[in-house]
Amino acid sequence: MEKFYISDFCSLRNNRVFKNGEKIYYDVTSESIKDFAKGLYKSLDLKYPKFHKMDELCKLGFLATEVLISHMEDVDQDTALVLSNRASSLDTDRKHQVSIDDRANFYPSPAVFVYTLPNIIMGEISIKNKLKSENAFFISEHFDPEFIANYSQVLLQTGKASNVICGWVDLDNDKYDVFLAFLSKKGKKELTKKELNNLYNQ
Amino acid sequence: MRKVYLIDDSIISPLGFSTQENFQNLQENNIGIKEVDNNDIWSAPFYGSVVDNTKLNEAWNSISNDKNGDYSKLEKMMILSVSKLLSNNPSLDISRCGIVISTTKGNIGEIRKEQNDKAYLGSIAKTIQGYFDLEQTPKVLSNACISGGLALAIGKRMIQAQLFDDVIVIGGDLLSEFTLSGFFSFQAVSAAPCKPFCKNRTGISLGEAAASAWLSADKNKINGEVISISGDASANDANHISGPSRTGEGLYISITKALKEANLRSEQIDYITAHGTATPFNDEMEAIAFNRAGLQEVPLNSLKGYYGHTLGASALIESIIARHCLLNNELIASVGFEELGVSQPVNVITKNESKKLTRVLKTASGFGGCNVALIIEKLA
């Protein structure tokens, strides 16, 4: 059976950004996720106006992807996205709910409502990186390295994807936890649930 | 690679509490969409397709092994559909199955409450795990309007990778204030029952339903003709998060790859059960993609005119109905359609017809630019 590898990985936690185990960004001042995301966006020197329209969950998933692939010239359009989290899009769901709580003062907005689905993160990443690939968004209580590794492996083995960006992008009540891994045919760390779990817990 | 068969299924919807009852209503062109007057969903009457609470509770009380438990409407519908699948198939051991649950918004109405643990999608998996006393927590897929079709594809892939021999795919969503208000904000809700692919279409009708399907690698479990999922693919448009691609790019890629996996050419497809939400942009995009794939002459329908858009359940239910169209060699009219209203030709089915059917293409597209295509095939 063909072997696949975790070529790169990154995390966004507690205002810190790590790539392949190394701290590459630390923001001591930002008190909100919005400010943290803005600071990271600037430090990555991105010029992408669509970023400013995204909700916080998408910003986090989008920025993590940019960190993960920043050293790559381009990413193959068959690079699949296999993401997961616990809170789905509840952070924005609550904002939409506030806008419809009072039917006498009713102001739902399409710009908010469109973000009430967790897979929109993958839409944003796909648009930026021109990925016309397989997407799947799973919900679980905790990061599930076994299932995510298995499912990603299936996509790679069956040729449904050339590479996979997989991981965990969770945001709930101002707490976030983001971990992404780039899976391909090249690398030093073999793709196993144990390795994926170790890297997530680093 | 091993084949994956669709063995049996069960639908809980306004058109009935079994697949048989649902299919019979479709054969009679009865629709589930009607005027809904329910202040919990909306302050004025609107057109939608809702499951009657009294009827649901009666059915629930007759099967439930846990009458004191706290189950939401959606959980009751999902558990009811799985229970029927299990009671119709004594050989199906749910404890040995992989389970994939497809839902977009789950119990989203619960976020109006102070104590709202049930608003988390994972709570549905826990509820189903508890009810059926399972060791493993079912997997939850939430991938917008393609969830039900993508869950079937994922179930198929899990079986092909030998992670399981049997998978149960469960799909469901409710017609909620949350979703309806969002589609209102997009001005995408039809003032009358929706009219897929029609010149006079003005938007969607929402619906609610739950369903389950049993996928297996074991041909011997089949009672009757053999139906297989012989190809599947999903692709993102990489174009826009709320608007479909103007070229139907992701859908075209999905169809092409699914056909390739099934080793089929487009002219070998006998019937397309489309997404057909009846929004101006969606149906137009689909027509473009079908034309690019050379499928413009294949008889096509959308079941949204019967069920409304049932979100995470829709592509699962439409795949189940496709299986029964294959078994019955019957095409179902695309209700609501009067006159073609897309720029490229598509062959919309205007009245029910008996026709020998071997291969069906099921497609779905959703927010986030996602698309899925499945080839469902009757094997000799």
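Each chain gets a letter, A, B and so on, in the order the sequences are listed, and its residues count up from 1. Just so we're clear, the structure is a prediction, and the values are computed from it rather than from any experiment.
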Trainee: Side chain, backbone, both or neither: which part of L150(B) has an atom under 4.5 Å from a heavy atom of chain A?
Mentor: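 Only the side chain of L150(B) comes within 4.5 Å of chain A.
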Trainee: With sequence neighbours excluded, tell me which residues meet side chain to side chain contact (heavy atoms under 4.5 Å, CB included) with P280(B).
Mentor: R201(B)
Trainee: Please look at I139(A) and chain B and tell me whether the side chain, the backbone, both or neither of the residue comes under 4.5 angstrom of a heavy atom of that chain.
Mentor: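 For I139(A), heavy atoms of backbone and side chain both lie under 4.5 Å from chain B.
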Trainee: Non-hydrogen atoms of chain A under 4.5 Å away: do they reach the side chain of A125(B), the backbone, both or neither?
Mentor: neither
Trainee: Just list the donor-acceptor pairs under 3.5 angstrom between chain B and chain A, please.
Mentor:
from	atom 1	to	atom 2	distance (Å)
N39(B)	O	R103(A)	NH1	2.7
N39(B)	O	R103(A)	NH2	3.1
N39(B)	OD1	R103(A)	NH1	3.2
I41(B)	O	R103(A)	NH2	3.4
K105(B)	NZ	S89(A)	OG	3.3
K105(B)	NZ	D93(A)	OD1	3.1
K105(B)	NZ	D93(A)	OD2	2.8
K105(B)	NZ	T116(A)	O	2.7
Y120(B)	OH	R94(A)	NH2	3.1
Y120(B)	OH	D172(A)	OD1	3.3
Y120(B)	OH	D172(A)	OD2	2.5
K139(B)	NZ	D144(A)	OD2	2.9
V140(B)	O	I139(A)	N	2.8
S142(B)	N	F137(A)	O	2.9
N143(B)	OD1	F137(A)	N	2.9
A144(B)	N	N119(A)	OD1	3.4
R157(B)	NH1	E134(A)	OE1	3.1
R157(B)	NH1	Y151(A)	OH	2.6
R157(B)	NH2	E134(A)	OE1	3.2
R157(B)	NH2	E134(A)	OE2	2.9
E177(B)	OE2	R103(A)	NE	3.2
E177(B)	OE2	R103(A)	NH2	2.9
F178(B)	O	H96(A)	NE2	3.0
S181(B)	OG	H96(A)	NE2	3.0
D232(B)	O	K160(A)	NZ	2.8
S234(B)	N	E134(A)	OE2	3.0
N236(B)	N	S133(A)	O	3.0
N236(B)	ND2	N135(A)	OD1	2.7
E249(B)	OE2	K132(A)	NZ	3.3
K257(B)	NZ	D78(A)	OD1	3.1
E261(B)	OE1	K160(A)	NZ	2.7
F367(B)	O	N119(A)	ND2	3.0

Trainee: Determine the option with the most heavy-atom pairs under 4.5 angstrom with chain B, choosing from P110(A), G123(A), P108(A).
Mentor: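 It is P110(A).
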Trainee: Check for me whether the distance between the ring centres of F106(A) and F184(B) falls short of 6.0 Å.
Mentor: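 F106(A) vs F184(B): aromatic centres not under 6.0 Å.
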Trainee: Against chain B, label L155(A) side chain, backbone, both or neither, depending on which of its atoms sit under 4.5 Å from a heavy atom there.
Mentor: side chain
Trainee: Quick one: what part of L163(B) sits under 4.5 Å from any heavy atom of chain A, side chain, backbone, both or neither?
Mentor: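 The answer is the side chain of L163(B).
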Trainee: Given the options A153(B), A235(B), A233(B), which has more heavy-atom pairs under 4.5 Å with chain A than any of the others?
Mentor: A235(B)
Trainee: What residues, two or more places apart in sequence or in another chain, satisfy ring pair (Phe, Tyr, Trp, His ring centres under 6.0 Å) together with F18(A)?
Mentor: none
Trainee: Given heavy-atom pairs under 4.5 angstrom as the criterion, report whether the side chain, backbone, both or neither of F137(A) touches chain B.
Mentor: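 For F137(A), the contact with chain B is made by backbone and side chain together.
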Trainee: Identify which part of I146(B) has an atom lying under 4.5 Å from any heavy atom of chain A, answering side chain, backbone, both or neither.
Mentor: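 Neither part; nothing is under 4.5 Å.
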Trainee: Does the plane of the ring in F113(A) sit parallel, tilted or perpendicular to the ring in F178(B)? Use 30° and 60° as the thresholds.
Mentor: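 Taking F178(B) first and then F113(A), their aromatic rings sit tilted (interplane angle of 30° to 60°).
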Trainee: Show, in sequence, the C-alpha distance, side-chain angles and deciding distance for I120(A) and F367(B), and conclude whether the side chain to side chain contact (heavy atoms under 4.5 Å, CB included) test is met.
Mentor: CA-CA 7 Å; I120(A) 301 298; F367(B) 274 177; 3.9 Å; yes
